[in-house]
Structure formats: C-alpha cells, structure tokens
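Chain identifiers are assigned alphabetically (A, B, ...) following the order of the sequence lines, protein sequences preceding nucleic acid strands; residue numbering begins at 1 within each chain.
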Amino acid sequence: MPDFPSIEEQLEVIERGTVEIVPRDELISKLEYSKKTGTPLRVKLGCDPTRPDLHLGHSVILRKMRQFQSLGHHTILIIGDFTAMIGDPSGANKTRPALSKEEIVENGKTYFEQASKILDPNKTEIVYNSDWLSPLSFSDVIRLASHYTVARMIERDDFLKRYQNNDPISLHEFLYPLAQGQDSVHLKSDIELGGIDQKFNLLVGRHLQKEHDLSPQVCLMMPLLVGTDGSKKMSKSYDNYIGIDDKPEDMYGKALSIPDELIYPYFELLTDIAVDQLQQFKTLAETDPRNTKHELAWHLTRLYHGTEKADFARKHFEKTVVKKDIPDDMPILTLPANSESGILALLNDHNFTASNSEARRMILQGGVSINGDKVDDPQFVLKVEQGASYIIKVGKRKYFKVESSA
RNA sequence: GGGGAGGUACCGAAGCGGUCAAACGGGGCAGACUGUAAAUCUGUUGGCUUAGCCUUCACAGGUUCGAAUCCUGUCCUCCCCA
C-alpha cells in the first residue's frame, strides 16, 4: 500500500501558487480518504494538441501535475484529439484549421516529449478523448447538452465578452465544455487541473459528474502566467513567451527582460525553490531586483538545460548584452574569396531580414554593421578578401560571420 | 422569414471619386539610453531592380480618364423583430 505524505505536507505542495481550489474542503477529504485507503487520487489534465510548442505558461500547470506525481498520485494526460479534429472555425481571433488524425498523433507526441521535461513520463497515463467521445451518437450529444442551459453557458466570461462585443460565437463552441466535462465523467477524475481561464470548463465537469452520481472532481486552478512583457498572459501569439525548448541563452535573456514585479511570481510558479525558502526570495526581489532576476534566470535555465549551460548563458548575457561584445558562436556563412555581395541580398537571401525593404530600412536606421562599422548605404557591396572574416550585426542581437572559402 | 448595420494593412479604427500604400492608436522593428532583451525618448512599419515601379482596402464583375470610396452579384459577421 503506497504511503502518502501527511495531509499537511501534501496541501503545502498542492496549494503552492494556486489561485483557487474549488472546493478546498473536498480536496482535504479526498486526500484523507486517499491516505487512509492507500488509493492514489486521479488527477486529470487536458491538453490541446494543436500547438505543440510549450512555453513556461504551460509549465505552470504541468509542474503542478508533476507535484502530484511526486506525492504519489495517479496523473492522466488527455490529448484532446477529438475536439482538435473538429477544429474551431470561429474562435475569438483566428480560425483554427481542423487537423488530420496523423497531425494530431504527431502533435500529441511532440507535446508529450516536451512535457516530459517536466512530467515523469513513466507516471503519466496518456489517453485520447476520441476513444470515448467519437462513439457518442447524436442523441447522446443531445442528452449531454440537456444538462446545461444557455443562460449558464453565456455566464462564462469569454462567451459573455464576445457576446457583448457582438463577436460571433458558434453553436458548437457550447459543446466544447460539455465534451471536456464528459472526459471527467469517463475518467472518474478526482481532481482536474487547469488555468484560471478554464474555471468554467472544470466546473462543468464537476456538474456532469454529479449528474452521473460520481464523486465530483475538485477543480484546481493555476494563475495565467504573465508573459515577459509584464502585462498579457504568456502566449506565443503575443510573442512574450519563454519556450521550454528555447536555447539557454534565449531563456536567460528573456527571463531578464521581465519587469521586476514578476520576479517573485516566477519564482513561485516556475522554480523548484522549496516552499519555506520562497519568502526570502520575495524579499530579495524587492531589495535587490537586479541580482535576484539574474538568479531567477539562472534557475530557469538550469531547470531545462542543466547547470553548465545555465552558467554559460549567464556569461553570454554579460558579454553580449551588458558589455555589448560579440557572442562566441554565431552562424557562419562561407563565401568564395574575392566574391562580391550586395548587402541587401546578403541579409535577405540568408533570412536575416524578412524582406528586401526591411533590410534597406534596417540599414537606413543604423541597425546593420560590419566588424563594428555601421553600414549606411543600402548599395554597399561586401568584397570578401581572401582569408578575411566579417562579423555582421543585424538589429539588436542578430549576428553572423562571413568567411572566405579557402 | 422580415428589417437594419458592417467587412480596410499584424490588431483596433479613420477614410470628400483623384493630392491614398491609405489618418490615428496598439503591437512590431531600429536608434539613443539602461542592471535588463524593462521603462523612456526618437524614428520606422506592403513589396521591388527604391528620386521610379508593382500588388493591396471580403470575393467576382461593372461604371469612370481615374474607385478603398459609385453600381451589380456572391460569401461572411453583428443587431432588432419573428
């Protein structure tokens, strides 16, 4: 019989960083029951296999899942392939194309690979919700839909907003929360994890479980991680994210760009610093933001790349950003000796700029230099001397080196 | 089914038939500055063989010397009524 830590210890870990646990006393009684009977709790997390690039925003919830694993509970990762296959044609902003089965399986794999940097893959059960959702008949779906009213649906914050903004809401979008809730019914989950924006969906699961005479799940919600811009939630589309797969130097640099108020929340939500030591980082973040932020950047980088690379990333940052030196490694372009290339073509053909016009603009704004000398003429032609090399800087921090072939 | 409003660049939003590659705001990018890739200030923001040219204002046609602006049809969205 598995031996779980005490309820107090478990709660301390579980509650770290949470926004809301609905309802908390049910969580406690579930934990008590679990400890008494030696039964792990079933912890559910759904993921959307459409965009498999995970960033630290996703990691907040995955880390919570990982904590449950460490406590000895059973975790289930649901690949939401069913809904992804249907696609979401209206969405608030963008049309999400329906994905093929193959793409979804592929995305699911990629997702799991990335998530495995955080989760213990051996302790993660992976399920696809099409397994139980696709066999549902139309009458099953209608029955499912009868459990919820329109009024309750448009209570949901984002529906309400879109409704008030006269933005379209497609009918099937109302079915999504029900599908997610059905997952909880099927899996008999004890706890469902999600971002605070998932509150409505999580509660639907609870509601549906009750209707099926199941023990309703506890909904545990994590805050939405604010992105590096300090205002919007971390998201790829806002380009304010730190990717789990980001290079160590990028991770370090991006972490340093966060506003000071975010230092502590990042410590709490994203690092392994023990609960009882967090308070001291909170104080440090206020008294010595510069060094504490470096500390944070280092911890984050270490978590995903190891100590050695984190140390390197720190040095790299000091060198390139603080001292504005050129980095140690950069892409190298080998050109024939004595060849001549127009600067515009050179930048553009190798994707250092998005278009010829951008390259031109960049030059006119003083954003391009060769070996430290600004290039101010878009017509500039680089003559590659035998054996020489040229370090070309494009914009703030894109560098590459041109070398002559022997 | 009936009536009304509307679809403009990455987003929001202006736009008298010519002076519109299209105001303004946000975002992005660049420069300066900085503990920082933050903040701030300045500039810039369709493409190209760049003093010029080409392609854009839902889509397809039409009127006109000339259309984002007028007309017709199609598609899409929102509101009110049923």
* **Test log, rule ring pair (Phe, Tyr, Trp, His ring centres under 6.0 Å), inputs A:Phe400 and A:Phe352** => CA-CA 9 Å; A:Phe400 69 104; A:Phe352 293 106; 3.8 Å; yes

Between [atom2] of [N] and [atom1] of [X], the distance in whole Å:
{"X": "A:Asp349", "N": "B:C48", "atom1": "CG", "atom2": "C1'", "result": "14 Å"}
{"X": "A:Leu364", "N": "B:C48", "atom1": "CG", "atom2": "P", "result": "14 Å"}
{"X": "A:Lys393", "N": "B:C29", "atom1": "NZ", "atom2": "P", "result": "14 Å"}
{"X": "A:Arg397", "N": "B:G31", "atom1": "CZ", "atom2": "P", "result": "11 Å"}
{"X": "A:Asn166", "N": "B:A13", "atom1": "CG", "atom2": "P", "result": "11 Å"}
{"X": "A:Ile363", "N": "B:U44", "atom1": "CD1", "atom2": "P", "result": "17 Å"}
{"X": "A:Glu261", "N": "B:U36", "atom1": "CD", "atom2": "C1'", "result": "13 Å"}
{"X": "A:Gln379", "N": "B:U50", "atom1": "CD", "atom2": "C1'", "result": "9 Å"}

* **Closest nucleotide among B:U36, B:C48, B:C79 to the A:Asn348 side chain** =>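 Nearest to the side chain of A:Asn348 among the choices is B:C48.
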
* Would you indicate which nucleotide in B:G35, B:A37, B:C29 comes nearest to any side-chain atom of A:Phe317? =>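 Looking only at heavy atoms from C-beta outward on A:Phe317, the closest nucleotide is B:A37.
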
What integer number of Å spans the [atom1] atoms of [N] and [M]?
{"N": "B:C75", "M": "B:C11", "atom1": "P", "value": "24 Å"}
{"N": "B:C41", "M": "B:C59", "atom1": "P", "value": "37 Å"}
{"N": "B:C24", "M": "B:A14", "atom1": "P", "value": "15 Å"}
{"N": "B:A51", "M": "B:G35", "atom1": "C1'", "value": "45 Å"}
{"N": "B:G18", "M": "B:G26", "atom1": "C1'", "value": "31 Å"}
{"N": "B:A39", "M": "B:C33", "atom1": "C1'", "value": "10 Å"}
{"N": "B:A68", "M": "B:C79", "atom1": "P", "value": "31 Å"}
{"N": "B:G12", "M": "B:G7", "atom1": "P", "value": "12 Å"}

* To do: Classify the side chain of A:Gln365 and the base of B:G31 as holding, or not holding, a donor-acceptor pair under 3.5 Å.
  =>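 Looking at the base of B:G31, it does not pair with any donor or acceptor on the side chain of A:Gln365 (distance under 3.5 Å).
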
* Asked: Donor-acceptor pair under 3.5 Å: do we get one between A:Arg360's side chain and the base of B:U50?
  ->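 Check passes, donor-acceptor contact within cut-off.
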
* Asked: When you measure from the side chain of A:Thr228 to the backbone N and O of A:Asn240, does any donor-acceptor pair fall under 3.5 Å?
  ->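 A pair under 3.5 Å: yes.
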
Give a yes/no answer on whether the side chain of [X] brings an N or O atom under 4.0 Å of OP1 or OP2 in [N].
{"X": "A:Lys398", "N": "B:A37", "answer": "no"}
{"X": "A:Arg361", "N": "B:G47", "answer": "yes"}
{"X": "A:Lys396", "N": "B:A30", "answer": "yes"}
{"X": "A:Ser357", "N": "B:C48", "answer": "yes"}
{"X": "A:Ser355", "N": "B:C48", "answer": "yes"}
{"X": "A:Asn356", "N": "B:U49", "answer": "yes"}

Any base atoms under 4.0 Å from [X], or only sugar-phosphate, or nothing? Heavy atoms, all strands.
{"X": "A:Asp260", "result": "base"}
{"X": "A:Gly366", "result": "sugar-phosphate"}
{"X": "A:Lys374", "result": "sugar-phosphate"}

* With nearest nucleotides of RNA chain B determined for A:Asp239 and A:Glu358 from heavy-atom distances, which residue corresponds to the more 5′ nucleotide? ->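 Result: A:Asp239.
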
* Taking the nucleotide of RNA chain B with the closest heavy atom to each, which residue, A:Ala354 or A:Lys293, is nearer the 5' end? ->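 Nearest-nucleotide comparison on RNA chain B picks A:Lys293.
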
Do the ring planes of [X] and [Y] sit parallel (below 30°), tilted (30 to 60°) or perpendicular (above 60°)?
{"X": "A:His172", "Y": "A:Tyr176", "value": "perpendicular"}
{"X": "A:Trp132", "Y": "A:His186", "value": "parallel"}
{"X": "A:Tyr241", "Y": "A:His55", "value": "tilted"}

* **Intermediate values then yes/no, salt bridge (Lys or Arg N to Asp or Glu O under 4.0 Å), A:Lys199 and A:Asp197** => CA-CA 6 Å; A:Lys199 183 172 183 176; A:Asp197 58 337; over 6 Å; no

* Asked: Does A:Phe68 have its ring centroid less than 6.0 Å away from the ring centroid of A:His74?
  ->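 Not under 6.0 Å, so no.
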
Base-pairing mate for [N] - Watson-Crick or G-U, with both contacts under 3.5 Å:
{"N": "B:U34", "value": "none"}
{"N": "B:A5", "value": "B:U77"}
{"N": "B:C57", "value": "none"}

* Got a second to check how far A:Leu54's CG is from A:Asp246's CG, nearest 0.5 Å? ->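 The distance works out to 11.5 Å.
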
